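Numbered from 1 within each chain, the chains take letters A, B, ... in sequence-line order. No experiment lies behind these values; they were computed from the predicted model shown.
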Amino acid sequence: MTTSIPISQTQHFNWQECLWYLNRGFDDCIYQVRAGSVRRAFELEGQQMLVDISYADGSLKLQWLAGLQSTSTINHVHQFVADWFDLERDLTSFYTHLQANKSLAYMADNFKGLRFIGMPDLFESLAWGIIGQQINLSFAYKLKRRLVETYGTSLRYDNEQYWIFPSPANLASLEPAVLRDLQFSQKKAEYLITIAKLFADNAISKPILFALPDFLSRQKLLTDIRGIGVWTANYVLMKSLKENSSIPYGDVGIINALIAHSIISDKKDVKAIDAFYSEFPGWESYLTFYLWRSLAVKPGN
DNA sequence: CTCCAGGTATTTT
DNA sequence: AAAATACATGGA
């Protein structure tokens, strides 16, 4: 079976750019990029399913390779994919802002049509934020894969294995020692298990965060949790809750990108960073994402 | 061997 | 309030 998700503003949508970002040189175990499509497994209503996502004629095409579909699971996956690839956005204003900055104008051409790649699953997003703190990304992706392949579930299709991120309940009962064995630091092991318990107890969820009145109250709920500082909170708010103006302060990738573009010269110059971001009101998250994109080297770029 | 990684909590000035 | 330090370990 195939279902279809129409894309608004197709003049600012480039599927190959999105796929390239997904496959930019890191090994994310939670999806599989192929020629022209990406495959991802889901577990919904106790049922595993596998979906192949490709692009044609102004729409994303979802081919349901495994698992029975119901109206509710189709709706859930459609919403997930729309969030994942930020399909509702109109980027016209963002590109106008980029073009106004001499150092960044090239991005409006080179990265044209690249949508903000989100992380719709809040638990996965928080776990990934914790894992990624203060270690290089290659190692972070290895830790994620070990976690997923040890405590997640998977399905097999066409001789390939597709992994599903472990549920909070599966991690909530763990002892830190077993994550230490996967080479998590003691602190990260404790943070992750604590957060899994919060999810399992429904003390945190997307609806709970969305019910709060503003960005700062959502940020505070997150940073009150041990192991979540401003960087992780803002990262999650932009990757999972689609906050438009969230800046992961302290992010070494942002700092390196700004230095590489000669926008700042001192990594501690927070004022210069804020002044720079103030040129992009409402687009701070997108700008951050494009700065990260600029750090990845594309052959021929 | 040294320094740095998509930081955070804790301790010390 | 601001600055220094421990945490942990792979990669360059």
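- When rounded to the nearest whole Å, the span between CZ of A:Phe139 and P of C:dG11 equals 8 Å.
- Distance A:Leu295 CG to B:dG6 P: 9 Å, rounded to the nearest Å.
- Salt-bridge check for A:Glu160 with A:Arg39: failed, with every basic side-chain N at 4.0 Å or more from each acidic carboxylate O.
- The distance from atom CG of A:Leu179 to atom P of C:dT9 is 13 Å, rounded to the nearest whole Å.
- Atom C1' of nucleotide C:dA8 and atom CD1 of A:Ile131 are separated by 14 Å, given to the nearest angstrom.
- For the P atom pair drawn from C:dA8 and B:dT11, the interatomic distance equals 14 Å after rounding to whole Å.
- At the phosphate of B:dC3, neither OP1 nor OP2 sits under 4.0 Å from any side-chain N or O atom of A:Asn136.
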Report summary line: Expected string for nucleotides 7-13 of chain B under the B/S/- scheme (protein heavy atoms, under 4.0 Å, primed atoms plus P, OP1, OP2 as sugar-phosphate) is BSSS---

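- A distance of about 25 Å separates the C1' atoms of B:dG6 and C:dA2, rounded to the whole Å.
- Taking atom CD of A:Glu190 as the reference point, atom C1' of C:dA8 lies 13 Å away to the nearest angstrom.
- Side-chain polar atoms of A:Thr73 and A:Gln47 form no donor-acceptor pair below 3.5 angstrom.
- Applying the 4.0 Å criterion to OP1 and OP2 of C:dA8, one finds that A:Gln183 has every side-chain N and O outside that range.
- Residues A:Trp15 and A:Phe85 place their aromatic rings such that the two centres sit under 6.0 Å apart.
- Side-chain nitrogen and oxygen atoms of A:Arg146 include none within less than 4.0 Å of the OP1 or OP2 phosphate oxygen of C:dT9.
- Checked for salt-bridge contact, A:Glu190 and A:Arg226 miss the test: no charged N lies under 4.0 Å from a carboxylate O.
- When rounded to the nearest whole Å, the span between NZ of A:Lys142 and C1' of B:dA5 equals 14 Å.
- What separates CZ of A:Phe184 from P of C:dA8 is a distance of 13 Å, to the nearest Å.
- For the residue pair A:Thr288 / A:Tyr277, a side-chain donor-acceptor distance below 3.5 Å is found, with atom types taken as modelled.
- Rounded to a whole Å, the CZ atom of A:Arg24 is 10 Å from the P atom of B:dG6.
- In summary, the aromatic rings of A:Trp163 and A:Tyr151 are positioned with their centroids too far apart to meet the 6.0 Å limit.
- In this model, no donor atom of one side chain and acceptor atom of the other lie less than 3.5 Å apart for A:Asn75 and A:Gln79.
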